[in-house]
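Read the structure below first, then the notes.
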Amino acid sequence: QKEVEQNSGPLSVPEGAIASLNCTYSDRGSQSFFWYRQYSGKSPELIMFIYSNGDKEDGRFTAQLNKASQYVSLLIRDSQPSDSATYLCAVTPIQGAQKLVFGQGTRLTINP
Amino acid sequence: DTAVSQTPKYLVTQMGNDKSIKCEQNLGHDTMYWYKQDSKKFLKIMFSYNNKELIINETVPNRFSPKSPDKAHLNLHINSLELGDSAVYFCASSHMGTQYFGPGTRLLVL
């Protein structure tokens, strides 16, 4: 079982709709959870992090964490073509708090 | 005002050669990393240094040798390059667990 799993996609969403990206992790003791966005040929850039169960909102982005289900998600409201990118879920495991373990990423396409 | 910078951006070389990639951060962070992103876009940690001290070595072949002359710099030297080393190598630095990535070095081994 992979430590962090994401559906690789591609996920196609019409412009203006809500894009929902999902991630599961295997280490129940994982501490911190991050969403990065990576445009083709560019480096990952941090969108959001979440540490506690529940929702965290930042503009059009909402991160949701459910530690009991070992599940973290990212919602993008009012999706724009500029949101088209690969979204990487990353987790800080309990062993090795200084590192991030990444999922394989979900490729998101927003259709005008 | 670049935060994390890497040189070179592109590196094309022959099998068996030795090459180095340099990384510098001006964020004042204590911890720096090297990641490898393969052709399937999977991003995997290789090394981590905290204040010049190696703290993570993720079973990387010993042909890869990181060096941190000070906490703002983390370089990666690769000996006897192999075809499978072709990838994008990202440097990152972190503060309070949040990591910031450099632009990447695209290495192609022929």
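Labels below follow one simple rule: chain letters A, B, ... track the order of the sequence lines, proteins then strands, and each chain is numbered from 1. Below, each value reflects all heavy atoms present in this structure, side chains not excepted, and no hydrogens, waters or symmetry copies.
- A/Ser43 places a side-chain N or O within donor-acceptor distance of the main-chain N or O of B/Gly102, the cut-off being under 3.5 Å.
- A/Glu45 CD: more than 12 foreign heavy atoms inside a 6.0 Å radius.
- The 12-atom threshold is exceeded at NZ of A/Lys67, counting heavy atoms of other residues, nucleotides or ligands nearer than 6.0 Å.
- By the neighbour-count criterion of 12 heavy atoms within 6.0 Å, atom NZ of B/Lys22 is sparsely surrounded, having that number or fewer from other residues, nucleotides or ligands.
- Counted within 6.0 Å of CZ on A/Arg107, heavy atoms from surrounding residues, nucleotides or ligands total 12 or fewer; the atom is thus considered open.
- B/Leu43 touches chain A through backbone and side chain together, each having a heavy atom under 4.5 Å away.
- Rounded to the nearest 0.5 Å, atoms NZ (B/Lys44) and NZ (A/Lys99) are 6.5 Å apart.
- Within a 6.0 Å radius of OH in B/Tyr89, more than 12 heavy atoms belonging to other residues, nucleotides or ligands are found.
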Exercise for review: Would you sort out whether A/Gln38 and B/Gln37 count as a side-chain contact (heavy atoms from CB on, under 4.5 Å), showing the intermediate values?
Suggested key: CA-CA 12 Å; A/Gln38 188 175 25; B/Gln37 189 169 46; 2.9 Å; yes
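- Counted within 6.0 Å of NZ on A/Lys56, heavy atoms from surrounding residues, nucleotides or ligands total more than 12; the atom is thus considered enclosed.
- When all heavy atoms are compared, the tightest approach of A/Tyr36 to B/Thr98 is OH-C, 4.5 Å.
- Nearest heavy-atom pair, A/Phe102 versus B/Tyr35, reported as atom, atom and distance to 0.1 Å: CE1-CE2, 3.7 Å.
- Residue contact with chain A, scored on non-hydrogen atoms closer than 4.5 Å, involves the backbone and the side chain of B/Phe101 alike.
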